[in-house]
Protein chains: 2
Amino acid sequence: MTVKEKQTEEKIFEAATDVFIRKGKDGARMKEIADLAGINKALLHYYFRTKERLFNAVFEQIAEVMLRKLAPVFDEKLPLEEKIRFFFREHIAFLQQNPGLPGFILNEVNRNPERIRKLMDNINPGALWSTLIEKHSEEMKNYNITENRLPQIMTSMAAMSIFPFAARSVLEVMFEKAGVDFNTYTEERKEFAADFVIKALKK
Amino acid sequence: MTVKEKQTEEKIFEAATDVFIRKGKDGARMKEIADLAGINKALLHYYFRTKERLFNAVFEQIAEVMLRKLAPVFDEKLPLEEKIRFFFREHIAFLQQNPGLPGFILNEVNRNPERIRKLMDNINPGALWSTLIEKHSEEMKNYNITENRLPQIMTSMAAMSIFPFAARSVLEVMFEKAGVDFNTYTEERKEFAADFVIKALKK
DNA sequence: GTCTATAGAAGGATAGAC
DNA sequence: GTCTATCCTTCTATAGAC
């Protein structure tokens, strides 16, 4: 009973995740999700009531996974440079496995900013950044990192790793014509981005 | 006659642009476009036949504007550093006026990569980059810029200016809690991004 | 819990009058 | 060229049998 439920619900959830990421909330069709899950449309409603609820469940799980993937960066006890390298290595590796997530999240959040507001309720970026500064106060002397520059710096790091995936199809077409392979590019990017940022920040 | 036509078609086109950018192709409703244009649904079909055609017209115009905005960067006869500063100043200024465009374009292109393929038919990035290198061959000696690094470098520059707008709602919520104003941030970004990139590239 | 059948609503598109 | 009325398809959602 519960086992069977879990199996079906799980299948639906996975199919929904797939379809929502590819088609977006508005473009997704309950029928396609049902087909992909190998079950009937009516079952979707049995388990999740409405498309809206199903989407919310999927979105929240994805957002949570992404946030959880970022947390270690702030916790790890590493020298600053190693932390930057660690971030790009881990984050880009994650995106290589989930290349569709950035575009999905950014789009759905832009269409409905309330989603991100709910997610961020427990997080105060300002406080997070302050403790980051304190942790590395000694090292900081060698870098152009000050609290008032942190918004620019943090968004630049996010941009360096996330943008290539959010703009994936554009880059793929451009690279194709220039004889560059996207996978090779992302693999090289782990080190390039780290070097780039460290060089830019060093005094 | 032609004047009236132009007026109405123009009104429809502008309304469609607005709605498509805010809601996306799938989320947009012909009714909403008609209302915003102050006319009747049937007129939309009279002028543009189908939603698909109306969307294509809007998309192509927007994409063309964006590409046209980038071209000068390659043409301008400026020293390399000035060119980089010129790019961020101009490009971010354009995005400040059109903050919704990056998210719109990236999303619609991801959903239908054929769109970008058509757009890029006349452009060979590889060739573009080669001439860029040749133009600045002397200056290059002072920078870590080589042809094989250009994909990484160019995408990093694009990322630095485009990402904040593509992720605008996320940043706005984060900044809000950290007491940072998004408009101030984008204004400062013109110079920050230029300094950041130049520093990262200098030998 | 899962299916078939269908209700009910919405949205794109067209016919036809003016 | 513009409007009203309406068709027709598609999609979400539910009823009801098993």
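Naming convention: chains lettered A, B, ... in sequence-line order (proteins, then strands); numbering from 1 in each chain.
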Does a side-chain N or O from Tyr46(A) land closer than 4.0 Å to OP1 or OP2 of dA13(D), or not?
no
Which nucleotide in the set dG12(C), dT12(D), dT2(D) lies at the smallest distance from any side-chain heavy atom of Lys51(B)?
dG12(C)
Kindly indicate whether a cation-pi arrangement holds for Arg149(A) with Phe192(B), taking the cut-offs as under 6.0 Å to the six-membered ring centre and within 45° of the axis.
no
Select one nucleotide: of dT2(C), dT14(C), dA13(C), the one nearest the side-chain heavy atoms of Arg49(B).
dT14(C)
Within residues 25-35 of chain B, those residues having any heavy atom closer than 4.0 Å to DNA chain D are none
Output field: ring centroids Phe55(B)/Phe20(B) closer than 6.0 Å
yes
Look at the side-chain N and O atoms of Thr8(B) and state whether any lies under 4.0 Å from the OP1 or OP2 oxygen of dT2(D).
yes
So, OP1 or OP2 of dT14(D): does either fall under 4.0 Å of a side-chain N or O from His45(A)?
no
From the set dT14(C), dC3(C), dA13(D), return the single nucleotide nearest to any side-chain atom of Leu43(A).
dC3(C)
Salt-bridge test for Glu14(B) and Lys11(B): reply yes if a basic N is under 4.0 Å from a carboxylate O, no otherwise.
no
Lys41(A) side chain: which of dT2(C), dC3(C), dA13(D) is closest?
dA13(D)
Would you check if the side chain of Lys69(A) reaches a backbone N or O of Glu64(A) as a donor-acceptor pair within less than 3.5 Å?
no
Table please: side-chain donor-acceptor pairs of residues 167-175 of chain B below 3.5 Å, with sequence neighbours left out.
unit_1    : atom_1 : unit_2    : atom_2 : d
Arg168(B) : NH1    : Pro99(B)  : O      : 3.2
Ser169(B) : OG     : Asn110(A) : OD1    : 2.4

Which whole-number value in Å describes the distance from Glu9(A) CD to dT2(C) C1'?
15 Å
Between the side chains of Glu114(A) and Lys118(A), is the shortest nitrogen-to-carboxylate-oxygen separation below 4.0 Å, so that they form an ion pair?
no
